[in-house]
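Before any comments, here is the structure.
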Amino acid sequence: MAPAHPAQHPDPRHPHHPHVVVHPPALDGSRRVTADDESLGVASHLDDVVELLRLADLDQVEVEESDIVEWQGGGPDDWPGLSEHHER
């Protein structure tokens with residue numbers, strides 16, 4: 001009898017891309033970043049998201065336009081409460 005859910009084997013033709021979530025802004029404007037169920041860190045700017053993905057070997061991901069990046073509570077330009085800090 002075959003198992004109800006056969007084991008998933010990595011297919012080199014279709015590498016696994018984690019589901020990356022940029023969570024809604026916290027009270028200070030920073031945003032938590034996760035890949036699947038793993039925390040990648042906290043970002044205070046779009047450049048931080050890019051760096052967190054690079055450190056997780058996901059630097060080939062187009063942060064602003066990729067289908068694997070889910071922006072919750074606002075898009076890549078939404079950093080409430082922090083924008084004035086980066087302009088100085």
Side-chain angles (χ1 to χ4, degrees):
M1 181 190 264
H5 299 286
Q8 296 287 327
H9 295 287
D11 183 345
R13 295 172 297 171
H14 303 285
H16 170 73
H17 292 289
H19 180 125
V20 176
V21 178
V22 181
H23 295 267
L27 292 176
D28 67 356
S30 64
R31 300 174 80 167
R32 195 166 50 96
V33 181
T34 58
D36 290 335
D37 292 328
E38 179 183 347
S39 177
L40 299 182
V42 176
S44 298
H45 191 266
L46 180 62
D47 293 340
D48 294 340
V49 177
V50 172
E51 179 65 7
L52 290 170
L53 294 182
R54 185 190 70 77
L55 292 171
D57 292 327
L58 296 170
D59 51 339
Q60 73 279 5
V61 173
E62 288 293 328
V63 175
E64 297 179 72
E65 299 174 7
S66 176
D67 290 339
I68 69 165
V69 178
E70 177 184 345
W71 292 87
Q72 297 179 344
D77 296 324
D78 293 318
W79 301 92
L82 288 173
S83 58
E84 62 272 7
H85 297 293
H86 282 281
E87 292 174 5
R88 291 183 183 174

- T34 side chain near V20 side chain, heavy-atom distance below 4.5 Å: no

- Message: Could you tell me if the side chain of V21 sits less than 4.5 Å from the side chain of Q72, heavy atoms only?
- Response: yes

Rounded distance [0.5 Å steps], [atom1] in [X] versus [atom2] in [Y]:
| X | Y | atom1 | atom2 | value |
| --- | --- | --- | --- | --- |
| D28 | W79 | CG | CH2 | 10.5 Å |
| D77 | H45 | CG | NE2 | 9.0 Å |
| H23 | S39 | NE2 | OG | 7.5 Å |
| R31 | D78 | CZ | CG | 6.0 Å |

- Task: Establish whether L53 and I68 are linked, either directly or via other cluster members, by ILVMFWY side-chain heavy-atom contacts under 4.5 Å.
- Result: yes

- Query: Any chance CD of Q60 has more than 12 other-residue heavy atoms, nucleotides or ligands included, within less than 6.0 Å?
  - Reply: yes

- Query: Crowded around E62 CD? As in, over 12 foreign heavy atoms under 6.0 Å?
  - Reply: no

- Query: So, for L52 and G41, which heavy atoms are closest and what is the spacing to 0.1 Å?
  - Reply: CD1-C, 3.9 Å

- What is the minimum heavy-atom distance between G73 and P25, and which atoms define it? O-CD, 3.6 Å

- Given V63, which of L58, L46, D47 fulfils the side chain to side chain contact (heavy atoms under 4.5 Å, CB included) condition? L46

- Task: Decide side-chain contact (heavy atoms from CB on, under 4.5 Å) for L40 and L55; before the verdict, give the C-alpha distance in whole Å, the side-chain angles of both, and the deciding distance to 0.1 Å.
- Result: CA-CA 8 Å; L40 299 182; L55 292 171; over 6 Å; no

- Query: For the side chain of D36 and the backbone of H19, is there at least one donor-acceptor N/O pair under 3.5 Å apart?
  - Reply: yes

